[in-house]
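The structure appears right after this line, and notes come after that.
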Amino acid sequence: MTNVSNIPNSAPTVVTRFAPSPTGLLHLGTYRTAIFSYLFAKKHNGKFVLRIEDTDRERSKKEFEDNILRSLKWIGLDHDVFVRQSENVARHRAVLEQMIATGHAYVSKEASKDGSGIIKEIVRFKNPNINVTFTDIIKGEVTVHTADLGDFVLAKNLSEPLFHLAVVVDDFDEGVTHVIRGDDHVSNTPRHILIQRAIGAPTPTYAHLPLVLGLDKQKLSKRRGARALSDYQEGGYLAEAILNMVALIGWNPGTEQELFTHDELIDNFTLERVQKSAGVFNPEKLEWINREHTKRMSHEEQAVMLDAFMPTRIKELPLYVQKRDRIHSLLIERIGHFGELRDMAESG
Ligand code: GLU
């Protein structure tokens, strides 16, 4: 059976990327995209690119970029290449101009939608209105007739290329071979393929990941209580447990194994085993996985974490000082995550 995981040695180096927009704190569902992209690259001795898509100047914030970088580092997702999309703006403009020169795009004078009567020079893609077919590793073959997309907008003006063009140019320049991203982008892919063909870029292999839902079967979202990764770090969860648990949302190795180290995940990961239906985040499973990883730590490592999370007034109690080791081993059996020590101290 042909399996895309069995990439022959002669194939170009696998390059994947995680391309978050730093416009807010990212939740577990978004980090799953990063994790799958990373695991796939490492499994194939490839490269993992972190591309911060910060071209929306108003909404992009340095604090969110910092949070993403810290969170990825915390769970052990080291990138091989780091880029900020805003640094490539001159290149995006050059490609836009070239597309106009070659007739793949054109300037369209259009009245501004705000009713002000101002005429804007928008750049539109000259859609050849053809069938575009691509094979998605998770969804299978997808065919779209691009006439439905019309002459879509590439840039609001000559100096501001939009998402579709920027993403295609950057993936091309960074040598991305596999685009692993959320399902919400699947409708963008035919546009991206049209742009790739117009600029002579190869089409990467796509894998669009199904949504991550909460136990209530609703889309995981910040608004509905999904927490940022940094909240879990502050709550005393172990980085390896978070990595393990998030990797198991909508993916399984085809065996009964549920506890994985970072390296075991790399060894076991295949995109073919990502399920087609939405994955579900189960907070109870997280507590179980976290407890199991906690039990696997050495006594010294456990003690460092327990002492870090134990409220000072308890640490100073004579009983605690005398029976520290005994108390530690009892606590390790009971707690799901170290932050519970604070709650126990407050309620007790
Ligand atoms: N920046 C996009 C997002 O945050 C991702 C683009 C892509 O993966 O192609 O949704």
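Bear in mind that the values here come from a model prediction, so they are computed numbers and not experimental data.
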Could you list the donor-acceptor pairs under 3.5 angstrom formed between side-chain atoms of residues 326-334 and any protein atom two or more places apart in sequence or on another chain?
{"from": "H328", "atom 1": "NE2", "to": "Y320", "atom 2": "OH", "distance (Å)": "2.8"}
{"from": "S329", "atom 1": "OG", "to": "D325", "atom 2": "O", "distance (Å)": "3.2"}
{"from": "S329", "atom 1": "OG", "to": "R326", "atom 2": "O", "distance (Å)": "3.1"}

Item to complete: Could you tell me whether R59 atom CZ has more than 12 heavy atoms of other residues or ligands within 6.0 Å of it?
Response: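 No, CZ of R59 has 12 or fewer neighbouring heavy atoms, counting only those of other groups under 6.0 Å.
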
Worksheet item: For atom NE2 of H299, is the number of surrounding heavy atoms from other residues, nucleotides or ligands below 6.0 Å larger than 12?
Response: no

Fill in: Connected-component partners of I119 among ILVMFWY, side-chain separation under 4.5 Å
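Members besides I119: none; it forms no cluster.
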
By side chain to side chain donor-acceptor pair (under 3.5 Å), which residues pair with [X], not counting sequence neighbours?
| X | value |
| --- | --- |
| T133 | T143 |
| D267 | none |
| K47 | none |

Would you confirm whether [X], through its side chain, and [Y], through its main-chain N or O, come within 3.5 Å as a donor-acceptor pair?
| X | Y | result |
| --- | --- | --- |
| D80 | F48 | yes |
| R93 | S159 | yes |
| E301 | S298 | yes |

Worksheet item: Going by the angle between their ring planes, with limits at 30° and 60°, are F36 and F269 parallel, tilted or perpendicular?
Response: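 Plane angle between 30° and 60°, so tilted.
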
Discussion item. In terms of relative ring orientation, are H164 and F152 parallel, tilted or perpendicular, with 30° and 60° separating the classes?
Written reply: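 H164 and F152: perpendicular rings.
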
Any side-chain donor near an acceptor of the partner, [X] and [Y], under 3.5 Å:
| X | Y | answer |
| --- | --- | --- |
| H208 | R181 | yes |
| T55 | H92 | no |
| D263 | T261 | no |
| Q257 | T255 | no |
| N290 | H337 | no |

Worksheet item: Do the charged groups of D54 and K62 touch, with an N to O distance under 4.0 Å?
Response: no

Fill in: Non-hydrogen atoms of F260 and P253 that approach each other most closely
CZ-CG, 3.4 Å

Item to complete: Output every pair passing salt bridge (Lys or Arg N to Asp or Glu O under 4.0 Å) with a member in residues 253-262, not counting sequence neighbours, ordered by first then second residue.
Response: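 Listed once each, the pairs are E258-K285.
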
Worksheet item: Got a second to check how far R273's CZ is from I138's CD1, nearest 0.5 Å?
Response: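 Taking CZ in R273 and CD1 in I138, the distance rounds to 12.5 Å.
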
